[in-house]
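First comes the structure, then the notes that go with it.
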Amino acid sequence: MSNLTIKNLKKSYADTEILKGINLDIKDHEFVVFVGPSGCGKSTLLRTIAGLEEATSGNIYLDEREITDVAPAKRDLAMVFQTYALYPHMTVRKNMSFALELAGTNKSEIETKVNEAARILELQPLLDRKPKELSGGQRQRVAIGRSIVRHPKVFLFDEPLSNLDAALRVQMRLELARLHHDLNATMIYVTHDQIEAMTLADKVVVLNQGHIEQVGTPMELYHRPANQFVAGFMGMPKMSFLPGQIIAGDNSGLQVQLASGSKLEVPVRAEGLTKGSTITLGIRPEHIQVTDQQEGRFKGRLDVTEHLGSDTFCYVQTSAKETLTVRTPGDFSGRFGDTVGLNFDAAHCHLFGSDGRSLERIQSNF
Amino acid sequence: MINSNILSLKNSRRLNTLIIGVFAWTVALLIFFPILWMILTSFKTEIDAFATPPQLFFTPTLENYALINERSDYFHFAWNSVVVSFGSTIIGMLIAVPAAYSMAFFETRRTKSTLLWMLSTKMLPPVGVLVPIYLLFKDFGLLDTRTGLTVIYTLINLPIMVWMAYTYFKEIPKEVLEAARMDGATVAQEIYRVLLPMSKGGLASTVLLSLILSWNEAFWSLNLTASAAAPLTALIASYSSPEGLFWAKLSAVSTLACAPILIFGWISQKQLVRGLSFGAVK
Ligand SMILES: Nc1ncnc2c1ncn2[C@@H]1O[C@H](COP(=O)(O)OP(=O)(O)OP(=O)(O)O)[C@@H](O)[C@H]1O
Ligand SMILES: [Mg+2]
């Protein structure tokens, strides 16, 4: 069992409050990913859980045991650092056995455990090398190996893949997913790579400026973001936001008029908003289609187009100076300055009140 | 055309190396010359030592060394030097390593100024505190004792030792120590099993520097010792004044005093270069 509970955790450096009251429940075997913009406090939160930083107030529990003030070594957690942080003067084998040695594990058991970890991570041929004789990916595997020999209750990862090149990153991502499955372990993972967050996580925690914006499965965050921040943060490329006004509302949704004049009915609850309230409409690039000038809900001028091969991302400016990002097929042939029509299904739109909060959808097919 | 260009590039590089080589040797010889002259003089008779113009070629003699050996107990002084240098270095390291560890890895707002303040005490002229320290030593019965000298050497070298150890520790990524902490290491294990092995090059040069500084220290040894605890520097001094200037004997005793540390320095010059350049040379 390893349930981690965080209650109203705060952390300040001098006078600056970095973590502003974090409440979080992490269940056994869960793969939890912390995402958020740079400087939002992801590493600080992870390091506070690890015990490398002292909490200013609040509590952390691991299976009913309070560990807020327990020394890092006694928390039964293992951490993998972004910079690997291997012991440069020890061989790979020593790096992995160090913790067990310190714990006074007997020799034959150490041997078994290290070999087991080396087998899982395919490190057997490298056991007698020093870290400086390894490639980045191999070092990262050693760092992971060092954490798994101890069978900790929770694994902590701080952007473990960000120093690797793109191809290796994909490979290590798959290996981590497999490892999580094989070890059946609880893992907390910090990243600012969305793809890592979406693909690895059972649960994503979106942090912003020291507080949690939303906790949910990747699909919940994608389809039902709690607010404009989460909506804008999750998804590549970003969701487009258009300012608008409520002109009418009934049980089936809200009538919205956008700055460019077009009207549409979005199936969301009014939640206290009345006629005339300003709102923001959000629509993801993958839900917009480029059509003929005449047919579109919108007309716009093509700005930059980015060809990725499989897809083409178009940036379209409307007459009201709104910018929309559109995902089109790879063979899209529109050019800079072309006038195009844009179409989308109102059911895919998100509406956000002026405080940024998301309005709840009426039918939840998504 | 291209070929000749490459050739001339190669040639000019070779010329460069040559010029730098000649220059380096010239500087080295200039610096080394006094020591060489001292060693030469120590093998001359007093008459030869005084000769003008100075003689480069002469019949070497060991009479100076024989005389010194007769007149004073070299090994008594040498042993004092060894005990005091090593003693102060060991105690200094025992204090400097934990101090530098906390300053390097648990930095606070005042760490930098504390370090600078420590170092600035080295800029005070020692003679300024001679009287108070002399009186303290007298009261505590430390005058002319090896313990007293060890204490004072430890204190005067400590700022530099802490500073050096601090710079070396600063080069070590904090995460490695944190990893050790996560792995279950106590503070002592963290220092002993991770920090020290990772910075052993730098710490070795710190040890060397401390040994050399203690070995060569003359001000305090002359003022705080008489005979029982007098190190080699005091021995040299004892030959300089009372009977006028006996260059050959003075050279001989100086050679004897310098020899151990020169040989020591020669053996460990690699570490020393690293140490004296404060980690700038890797
Ligand atoms: N030791 C410290 N002293 C003072 N402020 C700090 C300290 N460590 C971090 N901070 C501040 O805390 C904030 C959060 O830092 P943190 O490292 O947790 O961000 P992060 O979310 O991990 O960002 P990134 O994605 O860039 O790694 C930052 O604004 C940072 O400047
Ligand atoms: Mg970080």
Side-chain angles (χ1 to χ4, degrees), chain A residues 13-15 43 46-54 70-91 94-105 130-132 139 142-150 152-160 163, chain B residues 93 97-98 100-114 164-207 270-271 274-275 279-282:
Chain A
Y13 287 116
D15 302 329
S43 299
L46 196 75
R47 292 169 53 83
T48 313
I49 295 172
L52 295 172
E53 303 286 346
E54 229 174 284
V70 174
K74 304 252 153 62
R75 294 190 180 201
D76 215 354
L77 311 170
M79 179 140 166
V80 176
F81 295 83
Q82 180 175 0
T83 51
Y84 320 135
L86 300 177
Y87 310 123
H89 56 293
M90 299 183 194
T91 59
K94 273 272 173 191
N95 262 283
M96 295 206 284
S97 64
F98 188 60
L100 298 175
E101 261 173 57
L102 291 178
T105 317
K130 292 267 179 71
K132 66 166 182 286
R139 282 180 207 181
V142 177
I144 294 170
R146 189 168 64 176
S147 67
I148 66 179
V149 290
R150 288 171 47 205
K153 287 199 161 163
V154 182
F155 288 88
L156 309 174
F157 297 91
D158 193 354
E159 308 201 29
N163 284 354
Chain B
M93 287 306 278
V97 166
Y101 164 80
S102 67
M103 286 180 173
F105 300 109
F106 301 91
E107 202 156 345
T108 68
R109 261 175 301 170
R110 288 186 201 83
T111 301
K112 264 270 146 62
S113 36
T114 310
M164 279 180 77
Y166 171 82
T167 22
Y168 294 120
F169 290 171
K170 266 291 182 202
E171 288 173 23
I172 291 176
K174 195 166 124 235
E175 286 85 14
V176 179
L177 297 186
E178 287 174 346
R181 226 168 292 159
M182 295 296 295
D183 269 350
T186 61
V187 175
Q189 284 168 326
E190 190 182 316
I191 293 181
Y192 189 71
R193 310 242 346 224
V194 180
L195 183 63
L196 292 191
M198 281 179 76
S199 53
K200 60 173 188 269
L203 292 181
S205 49
T206 312
V207 165
K270 252 208 195 114
Q271 296 297 347
R274 206 185 118 90
V281 180
K282 292 223 178 144

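Proteins get letters first, then strands, A, B, ... in listed order; numbering begins at 1 in each.
In plain terms, the two heavy atoms of Met198(B) and Pro88(A) that are nearest each other are CE-CG, 3.3 Å. For Leu102(A) against Asp183(B), the heavy-atom pair with the smallest separation is CD1-O, 3.8 Å.
Shown here is Lys170(B), whose NZ atom has more than 12 heavy atoms of other residues, nucleotides or ligands within 6.0 Å.
In terms of heavy-atom pairs under 4.5 Å with chain A, the best-connected choice from Pro197(B), Pro173(B), Ala179(B), Gly184(B) is Ala179(B). Taking chain B as the reference chain and counting heavy-atom pairs below 4.5 Å, the highest number among Ala71(A), Gly51(A), Ala14(A), Ala85(A) is found for Ala85(A).
For chain A, the nearby parts of Glu178(B) are the backbone and the side chain; heavy atoms of each come within less than 4.5 Å. Heavy atoms of Ala78(A) lying under 4.5 Å from chain B belong exclusively to its backbone. Neither the backbone nor the side chain of Arg75(A) has a heavy atom closer than 4.5 Å to any heavy atom of chain B. Of the two parts of Leu77(A), the backbone and the side chain both hold a non-hydrogen atom closer than 4.5 Å to a non-hydrogen atom of chain B.
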query: What do the steps show when you test Val194(B) against Phe98(A) for side-chain contact (heavy atoms from CB on, under 4.5 Å), and what is the final call?
result: CA-CA 10 Å; Val194(B) 180; Phe98(A) 188 60; 4.0 Å; yes
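The only option from Leu86(A), Thr83(A), Leu52(A) that meets the side chain to side chain contact (heavy atoms under 4.5 Å, CB included) definition with Glu175(B) turns out to be Thr83(A).
Using a cut-off of 4.0 Å between Lys/Arg side-chain N and Asp/Glu carboxylate O, Arg193(B) and Glu101(A) are scored as salt-bridged.
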